[in-house]
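A, B, ... follow the sequence lines: proteins, then strands. Residue 1 opens every chain. No hydrogens, no waters, no symmetry mates; every other heavy atom, side chains included, goes into these values.
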Amino acid sequence: MELFCRMKVLKTEIMRVFILSLILFFSFSALRSQVKYDTAYLNSGYLHIDHEDIPLALFTESSRFDTVDRVFHASPGETLHLTLYNLLDFDVEVGCDLITETVIVPAGGNRTLTITTQDPGGYGVYAQNDELKYYGLSTVLRVAKENQHNYVWNLRAFDKEANRRISEGNTPDFDAFTPLIFTLNTEAFHVNQMNMRGMVNGNVNDSIYITFAGSNIMHHAPHFHGYHVEIIHSNMENHMIGWSKDSFPLKRDEIITVLLVPHQPGTFPVHDHNLISSTTNGNYPGGIMGMLHIMP
Amino acid sequence: MRLIVILILAAFWSEPILAQRVEYTLNMRMDGRHELFTGDSTHIWGFIEIGGFGSEEKLLLPSPTLTATVGDSVIVKVVNVSDEGHTIHWHGLDVDQENDGVPHTSDFVLTGDTFTYRFKATHAGNFIYHCHVTTTLHLMMGMYGSFIVYSNQPDEIYPGGPRFDRQYDFLGSELDKALNDDFMTGGMPYSDEKRHFLLNGLQKQQLYEASKNRIELHKGERVLLRLINIGFDVNDYHFPEAVQAIVYTSDGRPLPEPFETVNLQLYPGERYSVIIETDEDDFKGNIVVNYLKMYRLQYAETNHIGINNDVYPVYIGEQADSRNTGLHIFPNPAINRITVQGLSQDVRSVQVFDTKGAQYLLPINKAGEVDVSRLKSGFYLMRASGSSSLSGKFIKR
């Protein structure tokens, strides 16, 4: 009888330990899934567009400079540990819309920015200095489920002279700011060549999320051909959330996410309706123009 | 049984019967002249309706307003009688790719060609049609107009939506005279100094004096304003305090929650439907429309829309623009105090107007200094009192 009782206690203990292990295992897995690590480099180089060489700095994927903006991704609720390596020859203070803390990344050194995400949407990751932000150190943290159609379009307007002055360590004259080069994901739509970084592919009735970032001192007015979209998120106070629009304001430093559910197939442009921004050095079509390819 | 069959057939046929076919024939032309508020004229391009009610032989700026009723099938035949290729993009009407009017994805109407656009007007609201060939140039030359889709009930904004007693359309745009005078050498529209800031193709006194652009609003009435911006700048509308303005739709779609406002900004390509009302018996006033540049929303120019008002608000700032009277205000923007140079010694005060038309009388000392610390932040027009007729503009921070 005593042996039977001990066996019963032992069995209960084993069961308890087993359940506890299971709880610990799932808790650990859940914890692990809510933490993400990523890296990027603060890098400088040149943008070659329409026979112009424009100096700029970007967040890049590797230590080798390329003109592709590094866009960060996280799931809602995830904590992102973002380690930034500064390859520039000056310190850069970097922050994110989602947190009040900033980090000063020393020249040649690195620092980690810890960002706890919440709601889906697009959030800015950028240099705190306006000139450096304009110079190109401004990108997007896209918070979204991974299995969605997610696109990020970063819109910029460049005045070659302003960039040159910043690259030489001088203060640009923004009162005389006259941008002639306009880019979508640091690429311009050329007269005979589409911007391959501004393509959206999908099917009728898909849910397609496009995040627009106004990463410069200019305001923009994206216009969709063929469709209306729903404005679902902004990193700023925006009274248009929930509105159905084909043209909408994208203010300086604003990041807006729209939901496109195509009702018809076709190939349609999306462009800045401040039409000067739809040119490259005056050549139209150019500048800030993307394309939608919607299959039946 | 026969009655049931008839009723079923009637139900199926009723929609196609109610939904009609609207047809237009437009010529694409490049031989127009448009008179500016300064008295001189410039070259315009545009669309002209052939054979329609009220059609004219003369190109107008903007091109004629086209209309349909929600559910209508719209057929627009265009004939290009000009020396360049053109298209029509139906801005906001969400037409299919073939009818979208973008040369590199749709069709291109070459000189001497015709093309027929076909689409359905699926939503009531305010839309735009414009040429999409070298759009920066062809838009500035004048190839645009409004496209209004009415609700089934002529006095409601959209099916089941709020009703109104009267309606007015205002289409904002810009024109660069140097470019329009000579589009081959005039360059692209980057110059602000040469630009004209238009509503329905008109500016300043010219706009104000055109009776069709003067709003009639009486107590108890609801007046619908269809506001459309096809220009490159922000159209910044300020409604008078005695007027209640409620925004109901944007871009041809009802808003989830209509809202009341005193200020509405239209970015390029946007459209709104706004109903205005007043409680005053004999209200007279102006809607102020500022044009703000897209770089940093810098102020560029102002137009006024009169409400029950036929006296144009001549701010001498406008005279200063055209006559170069030399009034100098600094610092500008200012925080607490400005200095005004160019006034005669007999001037003891200046009149200051805000963008809503409110007026302030401020003393000016012998050094030409004016205390502006009690003014709210914003843009102001200044007029000198006394014998001087000088004026200027400043921004209070």
If I measure from the heavy atoms of chain A, does His89(B) come under 4.5 Å with its side chain, its backbone, both, or neither?
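Looking at His89(B), just its side chain touches chain A.
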Tell me, for Leu139(B) versus chain A, whether the close heavy atoms (under 4.5 Å) come from the side chain, the backbone, both or neither.
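When you check distances to chain A, only side chain atoms of Leu139(B) fall under 4.5 Å.
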I want to check something: taking the side chain as every heavy atom from C-beta on, are Leu255(B) and Met240(A) in contact at a cut-off of under 4.5 Å?
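SC-SC contact between Leu255(B) and Met240(A) ruled out.
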Between His225(A) and His91(B), ring centroids under 6.0 Å:
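Distance test on ring centres: not under 6.0 Å, no.
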Looking only at the aromatic ring of each residue, does the gap between the centers of His223(A) and Tyr267(B) stay below 6.0 angstrom?
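No - the distance between ring centres of Tyr267(B) and His223(A) does not fall below the 6.0 Å cut-off.
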Give me the one residue out of Thr135(B), Leu137(B), Thr136(B) that meets side-chain contact (heavy atoms from CB on, under 4.5 Å) with Thr279(A).
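So the option named by the test is Thr136(B).
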Where does Pro249(A) contact chain B at under 4.5 Å (heavy atoms): side chain, backbone, both or neither?
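Backbone plus side chain of Pro249(A), per the 4.5 Å heavy-atom cut-off to chain B.
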Do side-chain atoms of Asp246(A) reach the backbone of Asp94(B) as a donor and acceptor pair under 3.5 angstrom?
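Checked: no pair found.
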Rounded to the nearest 0.5 Å, how far apart are CZ of Phe189(A) and NE2 of His104(B)?
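Output value for this atom pair is 4.0 Å.
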Nearest heavy atoms of Phe248(A) and Glu270(B), plus distance in Å
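Distance-wise, the nearest heavy atoms are CA-OE2, 4.1 Å.
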Using the side chain to side chain contact (heavy atoms under 4.5 Å, CB included) rule, take Arg253(B) and His228(A) through it: C-alpha gap first, then chi angles, then the decisive distance, then the call.
CA-CA 9 Å; Arg253(B) 300 290 187 274; His228(A) 274 60; 3.2 Å; yes
Between Val133(B), Asn99(B), Leu297(B), which has the largest tally of heavy atom pairs under 4.5 Å with chain A?
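Most pairs with chain A among the choices: Leu297(B).
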